[in-house]
Amino acid sequence: MIQRNFSVRRRGPARPLRGFPLIGSFEFRIILPMLQLLIDTSVWLDLAKRRDGQKWIVPLRVLKFQGKIDLLVPRLVIAEFERNRPRAEAAVTASVRERFRLLRNDLQEYGDDDRHTWLAELTHRIPLLSAMTLQNFSEISDLLHDARSIEPTDLEYARIVQRGLDKKAPFHLHKNSIADALLIEVYRSAADSDNDVANHYCFVTSNYQDFSLPNGDRRTPHPDLAVLFPNERSRYLYGVEGLNSALVDHLGEEFIELSNETEFLQEEPRTFAEILEAEREYFDKIWYVRSLIRAEKIEAGEREGISPELTEQIHASMRVIEERYGAENVGPWDDWGWGFVHGKLSALRWVLGSEWDFLDT
């Protein structure tokens, strides 16, 4: 739910904002809370690997650009994300290929007479879908590098040392937890140093072993960390679901609409059959115009070694193309249109594996 805090600020001379009265030299203004998010590397990687990750990545980018949320990103998070990125990308790509391998095996064993068409379609879609799954990683990397960087100071390092001496979370486990302690301490300082009560802070992680209640509800912080999350102004959130709840609570329908709109942004790639059909269409149209030019030369007496029988076959094929696409859609065109049609055929053939500018008909 969006919370609105009213403040009165002294101004002089002052002019009223639209819809709000001016009383004397005071002006009433609505201050919307700024949502400050520190998202752990574990959640960024979870988002990157999700097939529906764009439902959060796109709104985060848009809302950040609009100044409605702020991403707090220590350099540590960027380093961890980039270090783990190659391994995570390889795992996602392998998962996509394995799903298609199993499906291809089923088609070969149980498929009907159309199985060769299906196999060609699968071969076409595997590299496309593999590339689309890696889009999340690139967009998250851009988000992290463009976000507000926050770094530990001597105060945070001193707190980290004390946590280690006291064996308090995240030092309650027998492992090196300095990186995790850095995250929680820079978050603590960011929230504590902000005097604007309108701002809300969220620490989002899926690292339940270091930060969550041991052997309990992962949405609850470890008792050693509970003091950092006393109320709605500073919240502990678990995983992508926790991030989603924070965005819904603070931005309501605005976030939901942005999230839903990503379904329209993620266009489905063309099928192999659609690409072949389009390639055939522009092949036909270019062949038609080239044949039209040749026919004009023949009428002018330049037969170029073409027999009357072959000439009749060419005319018959041209009539078929006119019926297939409509005589008004097969040219001839001006120089710009003629080049445009050639460009389409070149692009389609490149997708199908030919070299650029292969325009033979």
Side-chain angles (χ1 to χ4, degrees), residues 51 54 58 62 96 100 103-104 107 111-135 138-139 257-258 260-361:
R51 296 173 66 185
Q54 291 284 305
V58 172
V62 172
V96 171
F100 277 103
L103 181 56
R104 183 168 52 199
L107 283 172
D112 54 20
D113 294 338
D114 293 330
R115 66 175 178 267
H116 295 297
T117 302
W118 281 100
L119 289 173
E121 183 62 34
L122 285 176
T123 303
H124 163 68
R125 280 181 172 258
I126 286 175
L128 286 175
L129 292 178
S130 295
M132 289 176 66
T133 58
L134 302 183
Q135 178 183 357
S138 296
E139 294 190 8
E257 289 178 6
L258 283 171
N260 291 337
E261 286 173 1
T262 60
E263 296 179 8
F264 301 99
L265 295 175
Q266 294 174 292
E267 296 180 353
E268 190 72 13
R270 303 292 183 191
T271 65
F272 188 58
E274 287 176 319
I275 294 174
L276 285 176
E277 182 180 358
E279 192 272 344
R280 177 192 176 188
E281 175 183 346
Y282 288 101
F283 172 92
D284 287 348
K285 290 179 177 180
I286 290 174
W287 179 89
Y288 176 92
V289 175
R290 289 177 178 176
S291 299
L292 196 62
I293 295 171
R294 185 181 297 115
E296 292 176 353
K297 290 182 178 180
I298 291 173
E299 290 179 3
E302 302 177 24
R303 283 203 164 270
E304 298 179 338
I306 300 176
S307 66
E309 293 78 12
L310 182 56
T311 299
E312 181 54 37
Q313 291 178 12
I314 291 173
H315 286 162
S317 297
M318 291 174 68
R319 287 192 293 270
V320 170
I321 291 175
E322 289 175 354
E323 293 174 0
R324 180 179 298 154
Y325 305 109
E328 70 280 5
N329 297 318
V330 292
W333 299 276
D334 59 20
D335 290 345
W336 186 91
W338 188 226
F340 188 66
V341 172
H342 278 80
K344 287 186 175 182
L345 180 62
S346 176
L348 289 163
R349 284 184 166 175
W350 182 83
V351 169
L352 292 170
S354 298
E355 295 299 322
W356 281 114
D357 304 324
F358 175 63
L359 296 168
D360 290 357
T361 56

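Values reported hereafter were calculated over all heavy atoms of this structure, with side chains retained and with hydrogens, waters and symmetry mates removed. Quick caveat, the model's predicted, so the values are computed rather than measured.
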Residue pair Ile314, Trp287: steps toward the side chain to side chain contact (heavy atoms under 4.5 Å, CB included) verdict: CA-CA 10 Å; Ile314 291 173; Trp287 179 89; 4.1 Å; yes
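More than 12 heavy-atom neighbours from other residues, nucleotides or ligands sit within 6.0 angstrom of CH2 on Trp333. Surrounding CG of Asp334 are more than 12 heavy atoms belonging to other residues, nucleotides or ligands, all under 6.0 Å away. The environment of CD in Glu355 is sparse: at most 12 heavy-atom neighbours from other residues, nucleotides or ligands sit within 6.0 Å.
Annotation: cation-pi pair Lys285/Tyr282 present, NZ/CZ under 6.0 Å from the ring centroid and within 45° of its normal.
Taking every heavy atom of both residues into account, Asp284 and Arg324 meet most closely at OD2-NH1, 2.7 Å. Of all the heavy atoms in Ser346 and Trp356, the pair that sits closest is OG-CE3, 3.4 Å. Annotation for Val330 and Val289: closest pair O-CG2, 3.4 Å, computed over non-hydrogen atoms. Across all non-hydrogen atoms, the minimal contact from Leu359 to Arg290 is O-NH1, 3.0 Å. Taking every heavy atom of both residues into account, Tyr325 and Glu281 meet most closely at OH-CA, 3.2 Å.
Ring geometry for Trp336 versus Phe340: interplanar angle under 30°, hence parallel rather than tilted (30 to 60°).
The CG atom of Asp360 lies 10.5 Å from the CD1 atom of Ile286; values are rounded to the nearest 0.5 Å. Note: Arg349 CZ to Phe283 CZ = 6.5 Å, rounded to the nearest 0.5 Å.
Side chains of Ile275 and Leu348 form a contact here, defined as non-hydrogen atoms less than 4.5 Å apart. You'll find the side chain of Arg294 reaches within 4.5 Å of the side chain of Ser291, heavy atoms only.
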